[in-house]
Chemist: 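Below: one structure in structure tokens.
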Amino acid sequence: MQETLKALSISDVNPGGFAGDWMGGGKHQTVVSPVNGEKLAAVANVTPAEFDTILGKCHAAAEAWKQVPAPKRGEVVRALGDELRKHKEALGMLVSLEMGKALREGLGEVQEMIDICDFAVGLSRQLYGLTMTSERGQHRIQEQWHPLGVVGVITAFNFPVAVWSWNTAIALVCGDTVLWKPSSKTPLTAIACTKIAETVLRRFGYDPAICSLTIGKGSEIGDLINTDPRVALVSYTGSVPGGRHVGKLVQERFGRQILELGGNNAVIVSDKADLDIALRTIYFGAIGTSGQRCTSTRRIIVHASIYETFKQRLLDAYRKTSIGDPREAKNLMGPLVDPAAVDTLLAAIETVKAQGGKLLIGGEKLPLPGGCYVTPAIAEVSGNLDIVKEETFAPLLYLMKYTTLDEAIALQNGVPQGLSSAIITNDLVESERFLSVTGSDCGMANVNAGTSGAEIGGAFGGEKETGGGRESGSDAWKAYMRRQTTVINFSGKVELAQGITLDI
Ligand code: UN1
């Protein structure tokens, strides 16, 4: 533990604010590891006055940064990726220690950071606009993309470093600066990442306030980000109620926003499925990150003819799940993030039962140090009960039955969230139907692949209460820039559009 903290320059007490200088004159917060209940380190939160200084510097840094040619900005991102490669082991371990995910997943998360840096470096030589034909002779219409300014990045505990990197790597090549407010549950990984970014920016001679940090409560520091017009874009990852709050505040001032909110992801298991594929993808989707991914598999909709067989196979796999210290390779499941998350799971299970569902397995608190370990639960339900429509951020999987594909798709779409979805089938017609306009209504729809574990190359995000935002790959970069449509007249005379004539 000490070795990891040292490798990432984390001290006993760490200032939680950065914009070229480190500062933290606010309340001290002790970070306790859910792995064993031991203290990791303390963080000094920023005060509102310090927030103002940090944002001021981050905003000022944007002026020079936007004028650096994009491929040169890409060089910084390449170096950031290289630095992350060097720190992969330590950072992956700190992710596990701070929020409890299995080390293999902590390392996978850092790999996502490296991957998005590679993607962004290529992007730095693109950032392309379109040209259109003009109705006027010797005119050209063209669009170009300019940086926005400060991007406020508010992240959740469950992907404490990757979500920052998706936003930051793209924002940096787009010419924006970044002000990061991490979850109060995971401030140490945020400090470690900011230190890495600081080293890289200083090495290149750029203003380190380009990657600023502000640690504090969402209701205080988060709202200062949401309401300040100096923050051009707020990229928020969190719960639906959180997103509703952020959305209103940012919209009020006509700021831009990217919302990545809750998921309620289902897998349809067809009678034409390869059940080995179904089992492996659902198992990882449901217990990975202890069910605390926004992409976690929460519902499985199984064809009636294979329902009992598949249920037994899944229960067998669940029985064998090794749960414990996430640093040990044999453990597939670590703790939940904190004792409150355990209470949430136990309460949800009681509600499921009260609403007519049947608990098949799991949902027990384990007597391990730290008090955050549970056994993953499966509940059998008759359909989308009220509790099933909510995202319980814990390893609670709902199992339901279908007979026709129409019915399965209706169940899949019959929740307020729309992030990720999957069908396991070897039938081409079923697969195409699932991906068609009358199929899955989610931002991500997979065939014979699970709901979680999206690659950074695709656009990441979802519909309905998931918020509509897109991050990461594809053309998600466009949300981090402002589009400018330009008309260039090289005719030597004035010709008005829409055929309007003017005799003067
Ligand atoms: C999240 O849970 O907020 O697709 C992000 C996945 C990961 C990212 C999850 N690549 O599961």
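What you see below is based on every heavy atom in this structure, not just the backbone, and it leaves out hydrogens, waters and symmetry mates. When a ligand or atom number is given, it counts from 1 through the structure's own listing order.
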Chemist: Specify the protein heavy atom at minimum distance from atom 1 (C) of ligand 1: its residue, its atom name, and the distance to 0.1 Å.
Modeler: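 Result for atom 1 (C) of ligand 1: Cys294 SG, 2.8 Å.
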Chemist: Which ligand 1 atoms are under 4.0 Å away from a heavy-atom of Arg293?
Modeler: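 Per the distance check, 2 (O), 6 (C), 7 (C), 11 (O).
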Chemist: Evaluate Asn158 for polar contact with ligand 1, using N/O atom pairs at a separation under 3.5 Å.
Modeler: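 N/O-N/O distance below 3.5 Å exists for this pair.
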Chemist: Is it the case that Asp223 and His245 place a side-chain donor and acceptor less than 3.5 Å from each other?
Modeler: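 There is such a pair (donor and acceptor under 3.5 Å, judged by atom type) between the side chains of Asp223 and His245.
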Chemist: Would you say Thr237 has any N or O atom under 3.5 Å from an N or O of ligand 1, going by distance alone?
Modeler: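 Between Thr237 and ligand 1, no N or O pair is found under 3.5 Å apart.
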Chemist: Going by distance alone, is a donor N or O of one side chain under 3.5 Å from an acceptor N or O of the other, for Glu364 and Thr375?
Modeler: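 A pair is found: one side chain offers a donor N or O, the other an acceptor, under 3.5 Å apart.
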Chemist: Nearest to atom 10 (N) of ligand 1, what protein heavy atom do you find, and at what distance?
Modeler: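 Among all protein heavy atoms, the one nearest atom 10 (N) of ligand 1 is Glu112 OE2, 2.6 Å.
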Chemist: Can you pull out the closest protein heavy atom to atom 6 (C) of ligand 1? Residue, atom name and distance to 0.1 Å, please.
Modeler: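 Looking only at protein heavy atoms, the one closest to atom 6 (C) of ligand 1 is Gly453 N, 3.1 Å.
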Chemist: Hey, are the side chains of Asn384 and Arg299 touching, using non-hydrogen atoms and a 4.5 Å cut-off?
Modeler: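 The answer is yes, as the side chains (C-beta and beyond) meet within the 4.5 Å cut-off.
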Chemist: Counting only nitrogen or oxygen atoms and a 3.5 angstrom limit, does Val163 reach ligand 1?
Modeler: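 Val163 vs ligand 1: no N/O contact under 3.5 Å.
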Chemist: Can you see whether Glu471 engages Ser235 through a side-chain donor-acceptor pair at a distance of less than 3.5 angstrom?
Modeler: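 Present: a donor and an acceptor within the cut-off.
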Chemist: Taking both backbone and side-chain atoms of Ala454, is any N or O found less than 3.5 Å from an N or O belonging to ligand 1?
Modeler: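 Indeed, backbone or side chain, Ala454 has an N or O that close.
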Chemist: Could you tell me whether Trp166 and ligand 1 have an N or O pair separated by under 3.5 Å?
Modeler: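 No; the residue has no nitrogen or oxygen that sits under 3.5 Å from a nitrogen or oxygen of the ligand.
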Chemist: Any nitrogen or oxygen of Phe460 lying under 3.5 Å from a nitrogen or oxygen in ligand 1? Just yes or no.
Modeler: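 Looking only at distances, the answer is no, because the N/O contact criterion of under 3.5 Å is not met.
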Chemist: Is a side-chain donor-acceptor pair under 3.5 Å present for Thr451 with Thr297?
Modeler: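 A donor-acceptor contact under 3.5 Å links the two side chains.
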Chemist: Quick one: nearest non-hydrogen protein atom to atom 11 (O) of ligand 1, plus distance?
Modeler: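 The closest one turns out to be Thr295 OG1, 2.6 Å.
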Chemist: Taking N or O atoms only and a 3.5 Å limit, does Ser452 qualify as a polar contact for ligand 1?
Modeler: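 There is no such contact.
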Chemist: Once you restrict to heavy atoms under 4.0 Å, what part of Thr289 touches ligand 1? Side chain, backbone, both or neither.
Modeler: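 Within the 4.0 Å criterion, Thr289 makes no contact with ligand 1.
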Chemist: Compute the minimum heavy-atom distance from Phe284 to ligand 1 and say whether it is under 4.0 Å.
Modeler: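 Heavy atoms of Phe284 never come under 4.0 Å of ligand 1.
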Chemist: Which pair of heavy atoms, one from Lys389 and one from Gln417, lies closest together, and at what distance?
Modeler: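 Minimum heavy-atom separation between Lys389 and Gln417: O-NE2, 2.9 Å.
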Chemist: To the closest 0.5 Å, what do you measure between OH (Tyr398) and CD1 (Ile378)?
Modeler: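 CD1 of Ile378 is found 12.5 Å from OH of Tyr398.
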Chemist: Hey, are Thr289 and Glu105 close enough side-chain-wise for a donor-acceptor pair under 3.5 Å?
Modeler: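 Yes, because at least one side-chain N or O of Glu105 sits under 3.5 Å from a partner of the opposite role on Thr289.
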Chemist: Is there a side-chain contact between Leu405 and Phe434, using heavy atoms and a 4.5 Å cut-off?
Modeler: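 The answer is no; the side chains never approach within 4.5 Å.
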Chemist: I need the contact type for Glu455 against ligand 1. Using non-hydrogen atoms and a strict under-4.0 Å cut-off, is it side chain, backbone, both or neither?
Modeler: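 Neither; nothing of Glu455 gets under 4.0 Å from ligand 1.
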Chemist: Starting from atom 9 (C) of ligand 1, what is the nearest protein heavy atom, named by residue and atom, and what distance separates them?
Modeler: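 Sorting protein heavy atoms by distance from atom 9 (C) of ligand 1 puts Phe159 CE1, 3.5 Å first.
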Chemist: Taking only Lys NZ, Arg NE, NH1 and NH2, and the carboxylate oxygens of Asp or Glu, determine whether Arg244 and Glu465 approach each other closer than 4.0 Å.
Modeler: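 Yes, Arg244 and Glu465 are salt-bridged.
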